[in-house]
Amino acid sequence: MTRIGLLGITGRMGETVVETAADRDVEIVVGFATSDVESVEGVPVVHPEDAAEALADYDVDVVVDFAVPEGALVVAEACAETGVPIVVGSTGFDEDGTARLDAVSEDVALLKATNFSRGIQVLQRTVREAVAALDEYDLELMESHHNGKVDAPSGTANSILETIREERDVEPVYGREGHAPRSEDEIGVFARRAGDIRGEHELILAGNDEVLSLSHRAEDRAVFAAGALDAAVWLSDRTPGRYTFGEVIDA
């Protein structure tokens with residue numbers, strides 16, 4: 001049984017990971033959070049600043065992170081110190097944060113993903129093929145998430161955008177207002193925040209009197225929790241380095 005430390009255990013995704021783990025051959029043995037909570041569903045909660053000691057005390061095999069970049073970096077560096085692999089689900093890292101994650105991956109296995117949905121992985125591959133084939137079509141990218149999400153566009157939308165830009169020389173335009181004629185080399189990127197939307201992403205390709213829509217909608221956060229736990233089990237015995245969720249799917 002894989003012993004997991006969970007960063008962000010008191011958040012929406014953290015709670016879902018705990019629920020999903022109950023039906024799998026894994027055990028959440030310790031959680032990390034900055035709130036004054038001693039335990040969640042019987043799992044002890046420790047402050048991220050004390051992660052290094054807790055990883056050793058609870059004999060953690062791998063950490064799963066669903067928090068914010070600041071906390072993720074603190075725990076990731078504790079993982080590097082103690083030799084514990086980490087699955088990073090936080091998004092919104094700046095250049096310095098990305099560099100710090102790269103440094104962590106020199107000491108332990110690190111898997112960073114903006115989305116742990118198997119469907120999104122397939123969408124990414126389909127996007128690459130469609131953008132390359134329909135190279136003269138206009139592109140527009142839209143995403144929707146719950147009203148508590150703080151980064152925009154979403155990490156998944158940025159990943160899709162990165163895939164597109166590997167195939168097409170386009171510049172993102174984040175929303176439009178007033179007199180805003182469209183240029184041939186742009187892609188509109190739009191973010192919506194409302195209610196309890198789990199996650200929706202859509203890319204449209206329009207031209208030649210037709211519109212192709214490629215979209216994905218998550219119906220439940222358990223989709224992401226299950227994927228993250230799959231990634232954790234897969235990563236737990238890997239050698240140091242950077243890994244992707246696509247490698248987990250392919251395996």
Side-chain angles (χ1 to χ4, degrees), residues 6-20 31 33-35 37 40 64-72 87-94 97 112-124 126-127 130-131 137-165 170-182 186-206 211-229 231 245:
L6 177 58
L7 173 59
I9 191 170
T10 58
R12 298 187 188 194
M13 273 305 307
E15 292 174 357
T16 305
V17 171
V18 172
E19 294 171 0
T20 305
T34 57
S35 56
V37 176
V40 172
V64 172
D65 151 57
F66 278 112
V68 294
E70 295 79 9
V87 174
V88 178
S90 292
T91 59
F93 291 92
D94 58 17
K112 182 181 182 301
T114 58
N115 194 298
F116 290 95
S117 156
R118 293 174 179 269
I120 283 290
Q121 292 300 312
V122 174
L123 176 64
Q124 285 275 33
T126 306
V127 163
V131 170
Y137 283 37
D138 293 333
L139 305 172
E140 297 282 287
L141 178 61
M142 292 151 282
E143 58 96 346
S144 303
H145 283 84
H146 58 85
N147 58 20
K149 187 170 179 60
V150 296
D151 57 317
S154 68
T156 301
N158 283 329
S159 292
I160 294 172
L161 180 60
E162 182 179 340
T163 298
I164 292 168
R165 298 185 76 183
V170 293
E171 287 298 321
V173 174
Y174 298 97
R176 298 188 180 92
E177 182 180 9
H179 185 68
R182 194 182 203 285
E186 77 176 47
I187 175 172
V189 182
F190 305 90
R192 300 184 295 186
R193 298 290 177 266
D196 196 35
I197 300 173
R198 271 65 169 175
E200 299 178 1
H201 296 84
E202 179 184 20
L203 173 69
I204 62 170
L205 302 91
V211 177
L212 173 63
S213 174
L214 303 176
S215 65
H216 176 273
R217 182 176 69 248
E219 303 287 0
D220 194 295
R221 290 188 184 90
V223 169
F224 311 123
L229 291 173
F245 189 55

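Residues satisfying the side chain to side chain contact (heavy atoms under 4.5 Å, CB included) criterion with A113, sequence neighbours excluded, are L111, F116, F245. For D196, the side chain to side chain donor-acceptor pair (under 3.5 Å) criterion is met by R12, R198, R221, not counting sequence neighbours. Scanning for side chain to side chain donor-acceptor pair (under 3.5 Å) contacts around E186 gives R176, S183, with sequence neighbours left out. Among residues two or more places apart in sequence or in another chain, the salt bridge (charged side-chain N to carboxylate O under 4.0 Å, His left out) test is passed with E171 by R165. Applying the side chain to side chain contact (heavy atoms under 4.5 Å, CB included) criterion to V68, with sequence neighbours excluded, gives E70. Partners of S144 by side chain to side chain donor-acceptor pair (under 3.5 Å), not counting sequence neighbours, listed by chain and number: R192. With sequence neighbours left out, D220 forms a side chain to side chain contact (heavy atoms under 4.5 Å, CB included) with A222. Applying the side chain to side chain donor-acceptor pair (under 3.5 Å) test to S154 and every residue at least two apart in sequence or in another chain returns H201. Not counting sequence neighbours, the partners of S117 by the side chain to side chain contact (heavy atoms under 4.5 Å, CB included) test are N115, I120, H216, V223, F224.
Here the shortest heavy-atom pairing between T20 and A225 reads OG1-CB, 3.5 Å. Closest heavy-atom contact between E202 and S213: OE2-OG, 2.5 Å. Taking both residues in full, the closest heavy atoms of G92 and D151 are given as N-OD2, 4.2 Å, listed atom of the first, atom of the second, then distance. The nearest pair of heavy atoms linking P153 to N158 is O-ND2, 3.6 Å.
Counting heavy atoms from C-beta outward, L141 and L161 have side chains that approach closer than 4.5 Å. Side chains of F66 and T16 form no contact here, defined as non-hydrogen atoms less than 4.5 Å apart. In this structure, the side chains of T156 and T91 stay at 4.5 Å or more apart for every pair of heavy atoms. Residues L203 and V131 meet the side-chain proximity criterion, which asks for heavy atoms closer than 4.5 Å.
For the atom pair CG of L212 and CG of L205, the computed distance is 5.0 Å after rounding to the nearest 0.5 Å. In this structure, H145 NE2 and N147 CG are separated by 12.5 Å, a value rounded to the nearest 0.5 Å. The distance from atom CD of E15 to atom OG1 of T10, rounded to the nearest 0.5 Å, is 7.5 Å. In this structure, CD1 on I160 lies 8.0 Å from OG1 on T114, to the nearest 0.5 angstrom. S159 contributes atom OG, which lies 6.0 Å from atom CD of Q124 (distance to the nearest 0.5 angstrom).
A side-chain donor-acceptor contact under 3.5 Å links E140 to the backbone of G188. Side chain of D65 to main chain of G89: a donor-acceptor pair is present (N/O by atom type, distance under 3.5 Å, no hydrogens or angles).
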Apply side-chain contact (heavy atoms from CB on, under 4.5 Å) to residues M142 and I204 and explain how you reach the verdict.
CA-CA 9 Å; M142 292 151 282; I204 62 170; 4.1 Å; yes
Is there a salt bridge (charged side-chain N to carboxylate O under 4.0 Å, His left out) between E143 and K149 once you walk through the steps?
CA-CA 12 Å; E143 58 96 346; K149 187 170 179 60; over 6 Å; no
